[in-house]
2 protein chains.
Amino acid sequence: MEGSTPRGRTRIQKEKREVILEAALEVFSTNGFRGSTIDQIAEAAGMSKPNLLYYFRRKEDIHETLMHRLLETWLAPLKELDNIGDPMTELRGYIRRKLEMARDFPRESRLFANEILQGAPRIMAMLEGELKTLVDEKVDVIKGWMRSGKVVQADPWHLIFAIWATTQHYADFDVQVRAVLGPDRGGEGRFEDAARFLEQLFIEGLRPKS
Amino acid sequence: MEGSTPRGRTRIQKEKREVILEAALEVFSTNGFRGSTIDQIAEAAGMSKPNLLYYFRRKEDIHETLMHRLLETWLAPLKELDNIGDPMTELRGYIRRKLEMARDFPRESRLFANEILQGAPRIMAMLEGELKTLVDEKVDVIKGWMRSGKVVQADPWHLIFAIWATTQHYADFDVQVRAVLGPDRGGEGRFEDAARFLEQLFIEGLRPKS
DNA sequence: CAATTTTTTGACCGATTGGACAAACGTTAG
DNA sequence: CTAACGTTTGTCCAATCGGTCAAAAAATTG
């Protein structure tokens, strides 16, 4: 039965699909979609090309699965931005979470950046739908903070962009960051230095003048 | 004579090379290096593939020429950062210049981002050499400002990274920015909104507490 | 055990790609 | 005119690509 792509019913299918996705993340994130070949992914996954194509019928299916999974991970930190705690603490927490993601999931960040750079042909609907809705919602939260004087008046959309840009920079432009910092300053400590600087910049830049 | 690639001696050669580079910038910046084909570039340049290969013998030669030219443009704004004027005015000027470049030369920005994302295989030497030297030099300038109390104490390297990240974001992630802002807020005014926000963020974030 | 189903692979195919090449075309100088 | 040189293109090629397929090898089931 089931002549088409197996849908992860058996244990072995789930495992192999996982192995393929892990390998594909590695390959796609460093070469881009068009720059990656099925053979590369198959080799990284330790199987033959036809075997890989037994689990994912097309190259694009792998990419699509990867993107869908990625986007959930990607939106999580922003979803946590809540109206509950102290505004400045919330913002600091969001910056810290995003920077940790850049540090711990750089391949996911680069995969996402690759997609956006090429015009986001495969996830445009998601950007205009789910992402925009979520951002609109959080913008309202931030606007509330600004109205109540807990955060200085500023453009909330561009505040979010600035947080995205500065944190993801350490994943997407990692090579450049390390090259510029040099061997001594470019070690693992760079993320702590970045965290300190970004906290200072955003906290001082957004703290209401007392 | 001159059986090899013409070196732009004649007027027509210089012109055609220019046309090709312009077309290649368009194609490379939207598809990446491996995602672009010589045929695409040739068509965009309005000539046949063999004709294009008469001016640039290999696909990589076009890319290399483009990258070298790009890097000069790219470093220019930072070179202008001088010890002459008022520190805060200098920083504001640098941010403004970088944002203008993101607005006026988005293709160059995306080409550069593409290269860095893939590990900068072709320009690593430049990053560790010319770029690092320039940054080190400007870091010293900024350190001087901080010592004299004109700018608050902070990590100068990560300050530069933050400026790069926030400004280039509007070129590299333009699709996402426009999708999130929506049709009404995503018009041409977005660069002015961004400029206002970034000035506020960096100025307030770096102004010494009086 | 045998029968059946799932998993794996070698061989192959058509399309696309970067690039080579010689012939044709155009232009200019004598 | 002709000779020489610069420019353009049609044709071709080898390599690589995404993907197919039939058949072998494992695994599962009765």
Side-chain angles (χ1 to χ4, degrees), chain A residues 1-28 30-67 114 118 121-122, chain B residues 1-28 30-67 114 118 121-122:
Chain A
M1 256 341 123
E2 194 71 44
S4 59
T5 301
R7 296 185 186 160
R9 297 190 194 277
T10 74
R11 180 182 51 86
I12 194 171
Q13 282 170 357
K14 271 184 184 161
E15 285 175 5
K16 292 283 171 131
R17 280 187 140 243
E18 247 12 82
V19 171
I20 292 170
L21 288 173
E22 158 67 23
L25 174 60
E26 184 71 29
V27 175
F28 279 144
T30 54
N31 302 106
F33 180 76
R34 289 212 50 188
S36 306
T37 70
I38 299 184
D39 293 272
Q40 283 177 312
I41 301 172
E43 193 193 333
M47 62 181 72
S48 65
K49 179 169 68 170
N51 195 190
L52 183 147
L53 286 167
Y54 170 71
Y55 293 102
F56 290 91
R57 283 230 290 282
R58 295 177 309 153
K59 180 185 174 185
E60 223 182 327
D61 291 349
I62 311 176
H63 191 261
E64 192 187 317
T65 305
L66 225 41
M67 288 304 281
N114 249 309
Q118 326 249 312
R122 295 165 235 271
Chain B
M1 253 344 120
E2 194 71 47
S4 59
T5 301
R7 296 187 186 159
R9 297 191 195 276
T10 74
R11 181 182 51 85
I12 195 171
Q13 282 171 357
K14 272 185 183 161
E15 285 175 5
K16 293 282 171 126
R17 280 186 141 243
E18 246 12 81
V19 171
I20 292 170
L21 288 172
E22 159 66 25
L25 174 60
E26 184 71 28
V27 175
F28 279 145
T30 55
N31 302 106
F33 180 76
R34 288 213 50 186
S36 306
T37 69
I38 299 184
D39 293 273
Q40 283 178 312
I41 301 172
E43 193 193 335
M47 61 181 74
S48 64
K49 180 168 66 170
N51 196 189
L52 182 147
L53 286 167
Y54 171 70
Y55 292 103
F56 291 91
R57 283 231 290 283
R58 295 178 310 153
K59 180 185 174 186
E60 223 181 327
D61 290 350
I62 311 176
H63 191 262
E64 192 187 318
T65 306
L66 224 41
M67 288 303 283
N114 248 308
Q118 326 249 312
R122 296 165 233 272

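Hydrogens, waters and symmetry mates play no part in the numbers below; they use all other heavy atoms, side chains included. On a predicted model such as this, the values are computed, not experimentally measured, just so you know.
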Peer 1: Once you round it to whole Å, what is the distance between C1' of D:dG19 and CD of A:Glu60?
Peer 2: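 So the two atoms are 14 Å apart, to the nearest Å.
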Peer 1: So which nucleotide from D:dT8, D:dG19, D:dT7 ends up closest to the side chain of B:Gln13?
Peer 2: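 Shortest atom-to-atom distance from the side chain points to D:dT7.
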Peer 1: Heavy atoms from C-beta onward define the side chain here; which of C:dT8, C:dG18, C:dT17 lies closest to that of B:Ile38?
Peer 2: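 When the side chain of B:Ile38 is considered, C:dG18 is the closest of C:dT8, C:dG18, C:dT17.
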Peer 1: Report the distance from atom CG of B:Leu53 to atom P of D:dT11, rounded to the nearest whole Å.
Peer 2: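 Taking atom P of D:dT11 as the reference, CG of B:Leu53 is at 17 Å.
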Peer 1: So, is B:Tyr54 near the phosphate of D:dT7, with a side-chain N or O under 4.0 Å from OP1 or OP2?
Peer 2: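 So the side chain of B:Tyr54 is within the cut-off, an N or O lying under 4.0 Å from OP1 or OP2 of D:dT7.
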Peer 1: To the nearest angstrom, how far is A:Leu52 atom CG from C:dT6 atom P?
Peer 2: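 My rounded result for the distance is 19 Å.
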Peer 1: Kindly state each residue pair satisfying salt bridge (Lys or Arg N to Asp or Glu O under 4.0 Å) with at least one member in residues 35-53 of chain A, sequence neighbours excluded.
Peer 2: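 Residue pairs with at least one partner in residues 35-53 of chain A: A:Asp39-A:Lys49.
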Peer 1: Would you say B:Lys59 reaches C:dT17's phosphate, i.e. side-chain N/O to OP1/OP2 under 4.0 Å?
Peer 2: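 Indeed not, no polar side-chain atom of B:Lys59 lies that close.
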Peer 1: Closest to the B:Tyr55 side chain: D:dC17, D:dG19, D:dT8?
Peer 2: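 Selected nucleotide (nearest to the side chain): D:dT8.
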Peer 1: Could you tell me how far apart A:Glu15 (CD) and C:dT8 (C1') are, to the nearest whole angstrom?
Peer 2: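 One finds 16 Å between C1' of C:dT8 and CD of A:Glu15, rounded.
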Peer 1: Please report the shortest heavy-atom distance between B:Glu26 and B:Thr30, naming the atom on each side.
Peer 2: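 Result for this residue pair: O-OG1, 3.0 Å.
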Peer 1: Whole Å only: how far is the CD atom of A:Glu43 from the C1' atom of D:dG18?
Peer 2: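 Going from CD in A:Glu43 over to C1' in D:dG18 covers 17 Å.
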Peer 1: If we only count heavy atoms from C-beta on, is the A:Asn31 to A:Gln40 side-chain gap below 4.5 Å?
Peer 2: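 They are in side-chain contact.
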Peer 1: Quick one, A:Gln13 and A:Tyr54 - any side-chain contact, counting heavy atoms below 4.5 Å?
Peer 2: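 Counting from C-beta outward, A:Gln13 and A:Tyr54 do come under 4.5 Å.
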Peer 1: Between B:Asn51 and D:dT9, does any side-chain N or O lie under 4.0 Å from OP1 or OP2?
Peer 2: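 For B:Asn51, the contact criterion (side-chain N or O under 4.0 Å from OP1 or OP2 of D:dT9) is met.
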Peer 1: Are side-chain heavy atoms of A:Phe28 and A:Lys59 found at a separation under 4.5 Å?
Peer 2: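 A:Phe28 vs A:Lys59: side chains touch.
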Peer 1: Between atom CD1 in A:Ile20 and atom C1' in C:dT7, what is the gap in whole Å?
Peer 2: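 Taking atom C1' of C:dT7 as the reference, CD1 of A:Ile20 is at 12 Å.
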Peer 1: Using atom CZ of B:Phe56 as one end and atom C1' of C:dA20 as the other, report the distance to the nearest whole Å.
Peer 2: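 The distance from CZ of B:Phe56 to C1' of C:dA20 comes to 19 Å, rounded to the nearest Å.
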Peer 1: May I have the distance from A:Asp39 (atom CG) to D:dT20 (atom C1'), rounded to whole angstrom?
Peer 2: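 In whole Å, D:dT20 C1' and A:Asp39 CG are 14 Å from each other.
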Peer 1: Respond yes when some side-chain nitrogen or oxygen of A:Lys49 is under 4.0 Å from OP1 or OP2 of D:dT20, and no when none is.
Peer 2: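 So the side-chain polar atoms of A:Lys49 never come under 4.0 Å of the phosphate oxygens OP1 or OP2 of D:dT20.
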